A.B. asks: 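Quick one: this structure, given as structure tokens, is what I'll be asking you about.
In this text, all values refer to a predicted model and were calculated from it rather than measured experimentally.
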Amino acid sequence: MKKLVVFDLDGTLAASKSPLDVEMASLLHDLLEVVQVAIISGGAWLQFERQVLSHLSQDTLLAKLSILPTCGTQFYQHRGDWKKLYAEHFTADQKQKIISSLTNAVARAGFKVVRIWGETIEDRGSQITYSALGQQAPLSQKVIWDPDFAKRKKIKTVLDSLIPEFSVRIGGATSIDVTQNGIDKAYGIKKLRDILGISLQEMIYVGDALFVGGNDYPAEQIGVISIPIRNPDETKRVIEAIIACLGPEQQARSFQVDQ
């Protein structure tokens, strides 16, 4: 029996930096009734509050939800209120080197952006994120800028050579995430294993970047059963299937077999 379902956020549960829709919020609530759930993303805590938490039912089921911002370098659980278990931040010198290298890599990759909405480089404490069109870019523009990831793969190749001591991953619709080397979504999943006492074999991971170089790929690399999806609508169908497999009737049957 699976005990934990782990989701990416942008492109998986919701469109990039957009809130959960009513159907997704309802499905997540139903899923929490039968299994523990975690959401791990390159986004900062504030992004989780706006996109996810403010759209979920505020009931006791939140105790079964774990939130891991910035690719798992932070960890929150609900204990009457949301509590931060840990956060692993860059030093000032590390931040300066990463930001300088990002600027250099983007220039060397040679991609020209006609219009930018807001800051392109965001300091999230334990992660530095580059958003090609800016943090506030409309989704209609983001989805057409790099749909095949080719532009960001070129930037990542340059960046890998500039800062090999850090982990560089492609995420979201236009973004690249930089964390401490060895700290990626696999790191966050291991934290889930240790804190929740759930083995990797008892987890399922769902994400839209389960390709080499994608920020969901480390989950598959460490042996978690992973389900690649292309958009939130596909995620909804996956959740429905998981609920059907792990619902009360199926759990009762499993218990009877074990006995």
A.B. asks: Roughly how far apart are Leu65 CG and Ile39 CD1, rounded to 0.5 Å?
C.D. replies: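 One finds 5.0 Å between CG of Leu65 and CD1 of Ile39.
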A.B. asks: Under 3.5 Å, is there a donor-acceptor pair between the Lys142 and Ser16 side chains?
C.D. replies: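 Result is yes, a qualifying pair exists.
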A.B. asks: Counting only heavy atoms not in Arg50, do more than 12 sit closer than 6.0 Å to its CZ atom?
C.D. replies: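 Count not over threshold, so no.
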A.B. asks: Side chains of Asp21 and His55: any donor to acceptor distance under 3.5 Å?
C.D. replies: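 No, because no side-chain N or O of His55 sits under 3.5 Å from a partner of the opposite role on Asp21.
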A.B. asks: From Leu210 CG over to Ile227 CD1, what is the distance, rounded to the nearest 0.5 angstrom?
C.D. replies: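 Going from CG on Leu210 over to CD1 on Ile227, the span is 9.5 Å.
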A.B. asks: Would you find more than 12 non-hydrogen atoms of other residues, nucleotides or ligands less than 6.0 Å from Lys3 atom NZ?
C.D. replies: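 Counting neighbours around NZ of Lys3, 12 or fewer heavy atoms of other residues, nucleotides or ligands fall under 6.0 Å, so no.
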A.B. asks: Hey, can you tell me if Trp82 and His78 have their rings parallel, tilted or perpendicular (30° and 60° cut-offs)?
C.D. replies: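 Rings of Trp82 and His78: perpendicular, over 60°.
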A.B. asks: Quiz question: by atom type and distance under 3.5 Å, do the side chains of Thr70 and Thr73 form a donor-acceptor pair?
C.D. replies: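 The criterion, which ignores hydrogens and geometry beyond distance, is satisfied for Thr73 and Thr70.
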A.B. asks: Within a radius of less than 6.0 Å around CD of Glu119, do more than 12 heavy atoms belonging to other residues, nucleotides or ligands occur?
C.D. replies: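 For Glu119, atom CD is not crowded (no more than 12 foreign heavy atoms under 6.0 Å).
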A.B. asks: Mind listing the closest non-hydrogen atom pair of Leu61 and Leu32 along with its distance?
C.D. replies: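 Nearest heavy atoms, Leu61 then Leu32: CD2-O, 3.7 Å.
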A.B. asks: Where do Val5 and Ile242 land on the side-chain contact (heavy atoms from CB on, under 4.5 Å) test, with the steps shown first?
C.D. replies: CA-CA 9 Å; Val5 183; Ile242 292 172; 4.1 Å; yes
A.B. asks: Can you tell me if CD on Glu240 sees more than 12 non-hydrogen neighbours from other groups inside 6.0 Å?
C.D. replies: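 Yes, the 6.0 Å shell around CD holds more than 12 heavy atoms from other groups.
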A.B. asks: Locate the shortest heavy-atom distance separating Ile163 from Val178; write the atom from each residue and the value.
C.D. replies: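 Scanning both residues, the minimum pair turns out to be CD1-CG1, 4.0 Å.
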A.B. asks: For Gln180 and Gln94, which I'm curious about, is there any donor-acceptor pair between the side chains at under 3.5 Å?
C.D. replies: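 Looking only at side-chain atoms, Gln94 and Gln180 do form a donor-acceptor pair, the distance falling under 3.5 Å.
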A.B. asks: So which heavy atom on Gly207 is nearest to which on Asp8, and how close?
C.D. replies: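 Looking at all heavy atoms of both residues, the closest pair is CA-CB, 4.0 Å.
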A.B. asks: Over 60° means perpendicular and under 30° means parallel, so tell me whether Tyr86 and Tyr187 are parallel, tilted or perpendicular.
C.D. replies: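 Rings of Tyr86 and Tyr187: perpendicular, over 60°.
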A.B. asks: Do the side-chain N and O atoms of Gln141 and Trp145 include a donor-acceptor pair separated by under 3.5 angstrom?
C.D. replies: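 Gln141 vs Trp145: no donor-acceptor pair found between side chains.
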A.B. asks: Looking only at heavy atoms, which two atoms of Leu13 and Leu20 are closest? And how far apart?
C.D. replies: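 Between these two residues, the closest heavy atoms are O-CD2, 3.6 Å.
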A.B. asks: Assess whether atom CD1 of Ile225 is packed by more than 12 heavy atoms of other residues, nucleotides or ligands within 6.0 Å.
C.D. replies: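 Check fails, neighbour count at 12 or below.
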A.B. asks: For the residue pair Phe90 and Phe166, does the interplanar ring angle fall in the parallel (under 30°), tilted (30 to 60°) or perpendicular (over 60°) class?
C.D. replies: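 Answer is perpendicular, since the angle exceeds 60°.
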A.B. asks: Identify the residue among Asp184, Asp177, Asn215 that makes a side-chain hydrogen bond (donor to acceptor under 3.5 Å, both in side chains) with Arg169.
C.D. replies: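 When side-chain hydrogen bond (donor to acceptor under 3.5 Å, both in side chains) is applied between Arg169 and each of Asp184, Asp177, Asn215, only Asp184 qualifies.
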A.B. asks: Provide the closest heavy-atom pair for Gln77 versus Ser66 in the form atom of the first, atom of the second, distance.
C.D. replies: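 Between these two residues, the closest heavy atoms are NE2-OG, 3.6 Å.
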A.B. asks: For atom CZ of Arg230, is the number of surrounding heavy atoms from other residues, nucleotides or ligands below 6.0 Å larger than 12?
C.D. replies: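 No, because the 6.0 Å sphere around CZ of Arg230 holds 12 heavy atoms or fewer from other groups.
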A.B. asks: If you take all heavy atoms of Leu102 and Tyr130, which pair is closest and at what distance?
C.D. replies: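 Answer, listing the atom of Leu102 first, then Tyr130: CD2-CB, 3.7 Å.
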A.B. asks: Please determine, by modelled atom types, if Glu202 and Ser199 share a side-chain donor-acceptor pair under 3.5 angstrom.
C.D. replies: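 Distance-only check passes for Glu202 and Ser199.
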A.B. asks: After noting the C-alpha distance and the side-chain angles of Lys2 and Met203, does the key distance pass the side-chain contact (heavy atoms from CB on, under 4.5 Å) rule?
C.D. replies: CA-CA 6 Å; Lys2 301 300 181 183; Met203 301 181 189; over 6 Å; no
A.B. asks: Answer yes or no for Lys153 and Phe211: cation-pi contact, defined as NZ/CZ to six-membered ring centre under 6.0 Å and angle to ring axis within 45°.
C.D. replies: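 That pair qualifies as a cation-pi contact.
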